[in-house]
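This one's a predicted model, so the numbers in the text were calculated from it and none came from an experiment. Protein chains get the first letters and strands the later ones, always in sequence-line order, with residue 1 at the start of each. These values consider heavy atoms only, across backbone and side chains, with no hydrogens, waters or symmetry-generated copies.
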Number of protein chains: 2
Amino acid sequence: MNISTKFPVAVHTLILLSVSPPGTATSEMIASSVNTNPVVIRRITGMLGRAGLVEARAGVAGARLRKPLADITLLEVYQAVNGMGEGELFAVHDSPNPNCEVGRNIQAAMNPIFIAAQRALEQVLEQTTVADVAGDISQLEGIQLPDFFAVTHS
Amino acid sequence: MNISTKFPVAVHTLILLSVSPPGTATSEMIASSVNTNPVVIRRITGMLGRAGLVEARAGVAGARLRKPLADITLLEVYQAVNGMGEGELFAVHDSPNPNCEVGRNIQAAMNPIFIAAQRALEQVLEQTTVADVAGDISQLEGIQLPDFFAVTHS
DNA sequence: CTATGTGAAACCATTCTAGTTACACGGTCA
DNA sequence: TGACCGTGTAACTAGAATGGTTTCACATAG
């Protein structure tokens with residue numbers, strides 16, 4: 001299977017938070033841009049909040065960024081919503097036969113590779129910030145960042 | 001979620017095929033080492049067969065390797081059983097709002113990162129062969145490779 | 001011809017994802 | 001204060017994927 005959409009949705013959300021006037025980016029407004037349900041967005045902002053990336057107080061509209069986008073790497077976002085321990089990206093078949101030389105060692109033999117592969121993936125994510133993604137979007141639009149405030153959410 | 005156990009099971013299977021006398025490594029015997037059902041093993045050898053890594057004729061016991069383990073990278077095994085196109089490791093949230101500057105560009109902006117991250121993971125897998133894993137196992141056992149034939153499957 | 005083992009289909013329990021409804025509670029503002 | 005929003009959270013749902021299991025047709029070896 002593939003890695004859940006929570007990751008791109010979280011990035012999408014962070015960018016909207018950064019370009020929206022304070023108090024504007026409600027979960028409902030973000031949901032209309034992402035094309036999903038407001039509760040899905042709140043679940044994600046909740047995870048981003050527990051990771052210290054945003055601050056959302058119950059009752060007050062719209063979450064606030066706790067860091068500028070340039071200080072948030074994609075890895076932080078990925079880990080906030082996907083929470084994977086070291087090497088846990090890959091599943092292992094449990095309880096292989098301990099009476100077999102291969103069975104009793106296969107996990108120990110493959111584990112370093114799982115860790116290295118996962119780390120390689122994470123290092124790529126670490127080298128890009130959410131601000132880079134936002135910059136790419138503004139380039140794709142051929143507009144300046146301030147114009148982002150003219151967001152239409154029908 | 002994490003990447004399915006089919007990958008480590010496939011590696012496990014290939015190693016058993018290589019260390020077992022011809023006609024010995026039936027799906028049932030492999031299943032007893034992996035600790036699963038023989039049909040699960042046959043599904044995997046089927047995928048390995050379609051990828052050209054093994055040859056299994058219906059009716060004759062045990063699949064045969066079509067290449068030495070040293071010529072099979074972990075990436076080949078991974079792709080044989082996990083079949084992911086470029087960038088497909090990451091899921092995207094579909095149909096974001098085209099009326100929003102962020103929504104209509106988020107996918108294009110994130111796609112290169114998805115591709116780069118997946119490729120980084122795959123490159124790690126490409127640098128290791130199944131023979132390397134088998135070698136690690138024999139090191140862990142502190143034995144020589146020929147002794148692998150003394151496999152006990154109770 | 002019989003034993004055995006593979007390939008494949010069908011079915012099931014479990015788990016995860018994402019969507020949805022519902023509701024209590026915090027804040028804001030009239 | 002009290003009405004109104006919006007958040008946080010729980011609970012439920014549909015759908016998909018994984019891994020296990022049974023069953024059976026068929027190929028092959030002896």
Name the pairing partner of dT17(C), where a pair is Watson-Crick or G-U wobble with both distances under 3.5 Å, or state none. dA14(D)
Figure out the CZ/P separation between R42(B) and dC26(D), and round it to whole Å. 16 Å
Between dA18(C) atom C1' and F7(A) atom CZ, what is the distance in whole Å? 18 Å
With the threshold set at 4.0 Å, does a side-chain nitrogen-carboxylate oxygen contact exist between E76(B) and K67(B)? yes
Within 90° of 0 counts as syn, otherwise anti: where does dA3(D) fall? anti
Quickly work out the I30(B) CD1 to dT6(C) P distance and round it to whole Å. 8 Å
Enter the distance from Q123(B):CD to L121(A):CG here, rounded to the nearest 0.5 Å. 12.0 Å
Round to the nearest Å and state the distance from F90(B) atom CZ to dT17(C) atom C1'. 17 Å
Residue whose closest nucleotide on DNA chain C lies nearer the 5' end, R57(A) versus A63(B): A63(B)
Watson-Crick or G-U wobble partner for dA3(C), using a 3.5 Å limit on both distances? none
Say you draw a straight line from SG of C100(B) to CD1 of I30(A); how long is it, rounded to the nearest 0.5 Å? 10.0 Å
Quick one: do the S33(A) and H12(A) side chains pair a donor with an acceptor below 3.5 Å? yes
According to a strict under-4.0 Å criterion, is T26(A) in side-chain N/O contact with OP1 or OP2 of dG6(D)? no
Spacing between I44(A) atom CD1 and dT9(D) atom P, to the nearest angstrom: 15 Å
Would you call the rings of F7(B) and Y78(B) parallel, tilted or perpendicular, taking 30° and 60° as the class edges? perpendicular
Just checking, is any N or O donor in the side chain of N105(B) or E141(A) under 3.5 Å from an acceptor N or O on the other one? yes
Do E122(B) and Q118(B) meet the criterion of a side-chain donor-acceptor pair at a distance under 3.5 Å? yes
Spacing of E28(A) atom CD relative to dT7(D) atom P, expressed in whole Å: 9 Å
When you check every protein heavy atom under 4.0 Å of nucleotides 10-20 of chain D, what one-letter string (B, S, -) results, 5' to 3'? BB-----SSSB
